[in-house]
Amino acid sequence: MNKFLLSFLLFIALPISSAFAKGGVVSSADPRASAAGQEILRKGGSATDAAMAMMLALTVVEPQSSGIGGGGFLVHHDAKTGLIDTIDGRETAPSVAQSDRFLGPDGKPLPFMQAVPGGLSVGVPGNIRLMAMAHSKWGWLPWAHLFVPAIRLAEEGFTVNETLNSRLEWAATLWKDFPEAQALYWRDGQPASVGALIKNPALAAFLKKLAVEGPDAFYTGANADKITATLADAPRNAAVMTAQDLAAYQAKERPAICGHYRVYTVCGMGPPSSGAVTVIQILTMLEPFNLAKFGKDNPESWHLIAEAMQLAYADREKYLADRDFVDVPVAGMIDPTYLAKRSHLISLNKTLKNYDADTPPGAPRRTAAISSEVHGTTHFVAVDGDGDIVSMTSTVEGPFGSQLVANGYVLNNELTDFTFAPEKDGAPVANRVEGGKRPLSSMSPTIVYDASGKPIFTIGAAGGKTIIMQVAKALIAHLDWGLPAREAIGMSLIYFNKDGLVLEDGPWVDTMKPALEHIGHVVTTRKLGLKANAAEWVGDHWEGAADPRSPGVALAE
């Protein structure tokens, strides 16, 4: 039997929402990507090999969310040493970028969707340098082997699912100016319908080149020239990115940020990700409250979560940014004494009303300013038979990033994650644009350890600034309320906007909304674009889980 047919038959025989095995597991937001990770594990690959194969496959089948034209953050647990490492593959602003990049002629910030399409929003992509660093440290299979599933998908084609079709419909009005994107994803003058076959020969050819020549083929030579020309010739917001900008890009090892929650240790990415710091702040502020006793259906639980959420996000907006450019008081922000003081602001039976940032130990003078992140991105996890774990969030930012395509892959719009206004109230904004700087992110790849130091849970999510709350909510649901991974990530979400709380649409709204309003919250409801992926240790094996809101699946090795 053809080995690819055998792999497919094994794939369709497995459960679509969760998987477990004495060996490894993978989970991603698309079945084709999960199958790629499974294939690599079965060939003897490590968790890192499987995760990188999924990242490449997602470039093909989930172009609206992530890919090699974007960046990401990776958290790795080494089962042999017990060490946790993180790699920052966040995009960087071109060297010519100035703090007024997203200001109009009147000196005011551009409307967000005016800044997104075209070259102005594109940062130097980081995923291939991240992949190279991770593979050199923890890869078991040869580099070229990791490209095989993605090349096959690009050459032979894949079918459009409902998620991709909906994003194509969303982008339709933008794409009158972007014929290269249309050529790939439209059929007969319309966005490709569900079930349509998409082939991407340009991407297949480029992936083959990367597989043979290595990561320099992305950052130098013909591909670098293609990226710089694509930005310079963009039909909207033409911009400059130099060959040196690309050649100089480096993925960076960063220290993991860890904090304690009850008997557990929660670890994730530090700046320029705001994920770990903000998640840890939320959890630490909630620790004095017995959420397990209150329970998941109690409005008091969600009131407490909402109060801690808004306090933590206020600190996020004021202090977090790229630590290579800005003094970020990470230690002070997760200091237990500081967070105990913040927690004391939270009342069981009334709202705080004003959720202002405080001054953590070591904090510089700074003004809070709101940054923009849209609902894009993807997350995937891999665990191999040795117990190594990779939790990675990858993104091109908004749907189809900048709408620009180079060699068959989508170029990101990550620079619109910077705060457009460089100053507020006469003080510099931490997340302002600067050449070579990495924009603030909410991506939150996370690994949780039990009291003995054993990893028991890993999670991450997609969805802009909601990512932090998706992860925090799932951790509370799993650690406090004992829900299995799939139920924890599938629970409805509470979030907020400038008017008050936002409840994800669902059956809980009928009881939760009036109860929270009775406490004093202003509450609206709407659908939230959410998707998370996780894996948990159950007894003697790892079990993967995918968000029931997404088409994603978890597969066993």
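- Side chain of N127 to main chain of G72: a donor-acceptor pair is present (N/O by atom type, distance under 3.5 Å, no hydrogens or angles).
- Judged purely by atom type and a 3.5 angstrom limit, S121 has no side-chain atom pairing as donor or acceptor with the backbone of T416.
- Annotation: side chain of I489 is not in contact with side chain of N533 (no heavy-atom distance under 4.5 Å).
- At distances below 3.5 Å, not a single donor-acceptor pair connects side-chain atoms of T393 with backbone N or O atoms of F73.
- Summarising the geometry, atom NZ belonging to K208 is positioned 13.5 Å from atom CD belonging to E213; distances are rounded to the nearest 0.5 Å.
- When every heavy atom of Q403 is checked against every heavy atom of W170, the shortest pair comes out as NE2-CZ3, 4.4 Å.
- For L345, the side-chain contact (heavy atoms from CB on, under 4.5 Å) partners two or more places apart in sequence, or in a different chain, are L311, R342, L352.
- If you take CD on E397 and CD on Q64, they are separated by 13.5 Å, rounding to the nearest 0.5 Å.
- Taking the side chain as every heavy atom from C-beta outward, M52 and L130 approach each other to under 4.5 Å.
- Formation of a donor-acceptor pair under 3.5 Å by the D322 side chain with backbone atoms of P272 is not found in this model.
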Q.
Before you tell me yes or no, could you show the steps for L516 and H303 under side chain to side chain contact (heavy atoms under 4.5 Å, CB included), namely the whole-Å CA-CA distance, both residues' side-chain angles and the distance that decides it to 0.1 Å?
A. CA-CA 7 Å; L516 290 171; H303 159 70; 4.0 Å; yes
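- Looking at K531, its side chain never comes within 3.5 Å of a backbone N or O of A546 through a donor-acceptor pair.
- Residues L103 and P422 form a side-chain contact, since some pair of their non-hydrogen atoms from C-beta on lies under 4.5 Å apart.
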Q. Passes side chain to side chain contact (heavy atoms under 4.5 Å, CB included), E91 versus L415? Steps please.
A. CA-CA 8 Å; E91 302 86 343; L415 299 191; 5.6 Å; no
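- The closest side-chain heavy-atom distance from I68 to M55 is below 4.5 Å.
- Inter-residue side-chain proximity for L440 and R316 is flagged as met; some heavy-atom pair is nearer than 4.5 Å.
- Each of K252, R323, R254 was scored for a salt bridge (charged side-chain N to carboxylate O under 4.0 Å, His left out) with D88, with one residue passing: R254.
- When side chains are defined from C-beta on, L475 counts as touching V279, because their heavy atoms get closer than 4.5 Å.
- Residues forming a side-chain contact (heavy atoms from CB on, under 4.5 Å) with E423 (at least two apart in sequence, or on another chain): none.
- Atom-to-atom distance recorded for R101:CZ and L120:CG is 4.5 Å, nearest 0.5 angstrom.
- Closest heavy-atom contact between A115 and L110: CB-CD1, 4.3 Å.
- The nearest pair of heavy atoms linking Q281 to D315 is NE2-OD2, 3.1 Å.
- When all heavy atoms are compared, the tightest approach of F418 to R432 is CD2-O, 3.5 Å.
- Nearest heavy-atom pair, E414 versus N412, reported as atom, atom and distance to 0.1 Å: N-OD1, 3.0 Å.
- Atom OG1 of T466 and atom CG of L530 lie 5.0 Å apart (nearest 0.5 Å).
- Annotation for D106: atom CG counts as buried by contact number, over 12 foreign heavy atoms lying within 6.0 Å.
- Between H379 and the choices S27, S65, S28, S391, the side-chain hydrogen bond (donor to acceptor under 3.5 Å, both in side chains) rule is met once, by S391.
- Although no hydrogens or angles enter the test, the distance criterion places a donor-acceptor pair under 3.5 Å between the side chain of N200 and the main chain of G408.
- In this structure, the side chain of T446 engages the main chain of S444 through a donor-acceptor pair within 3.5 Å.
- Heavy atoms only, all atoms of each residue included: S66 and L58 are closest at OG-CB, 3.8 Å.
- For the pair F400 and W175, the minimum side-chain heavy-atom distance is below 4.5 Å.
- Distance alone, capped at 3.5 Å, places no donor-acceptor pair between the R236 side chain and the F178 backbone.
- Taken to the nearest 0.5 Å, the CD1 atom of I282 stands 5.5 Å off from the CE atom of M469.
- Formation of a donor-acceptor pair under 3.5 Å by the Y219 side chain with backbone atoms of P125 is found in this model.
- Put simply, the residue from K465, R90, R438 that forms a side-chain hydrogen bond (donor to acceptor under 3.5 Å, both in side chains) with D417 is R90.
- No donor-acceptor distance shorter than 3.5 angstrom exists from the side chain of E169 to the backbone of N165, with no hydrogens or angles considered.
- Annotation: Q250, atom CD; neighbour count of heavy atoms from other residues, nucleotides and ligands within 6.0 Å does not exceed 12.
- At a threshold of 4.5 Å between non-hydrogen side-chain atoms, the residues K473 and W302 count as touching.
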Q. Which is it for D547 and R549 under the salt bridge (charged side-chain N to carboxylate O under 4.0 Å, His left out) test, yes or no, and what are the steps along the way?
A. CA-CA 5 Å; D547 198 317; R549 303 174 186 85; 2.8 Å; yes
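- Taking the six-membered ring where the residue is Trp, the centroids of F206 and Y409 are separated by under 6.0 Å.
- With values rounded to the nearest 0.5 angstrom, T378 atom OG1 is found 8.0 Å from D30 atom CG.
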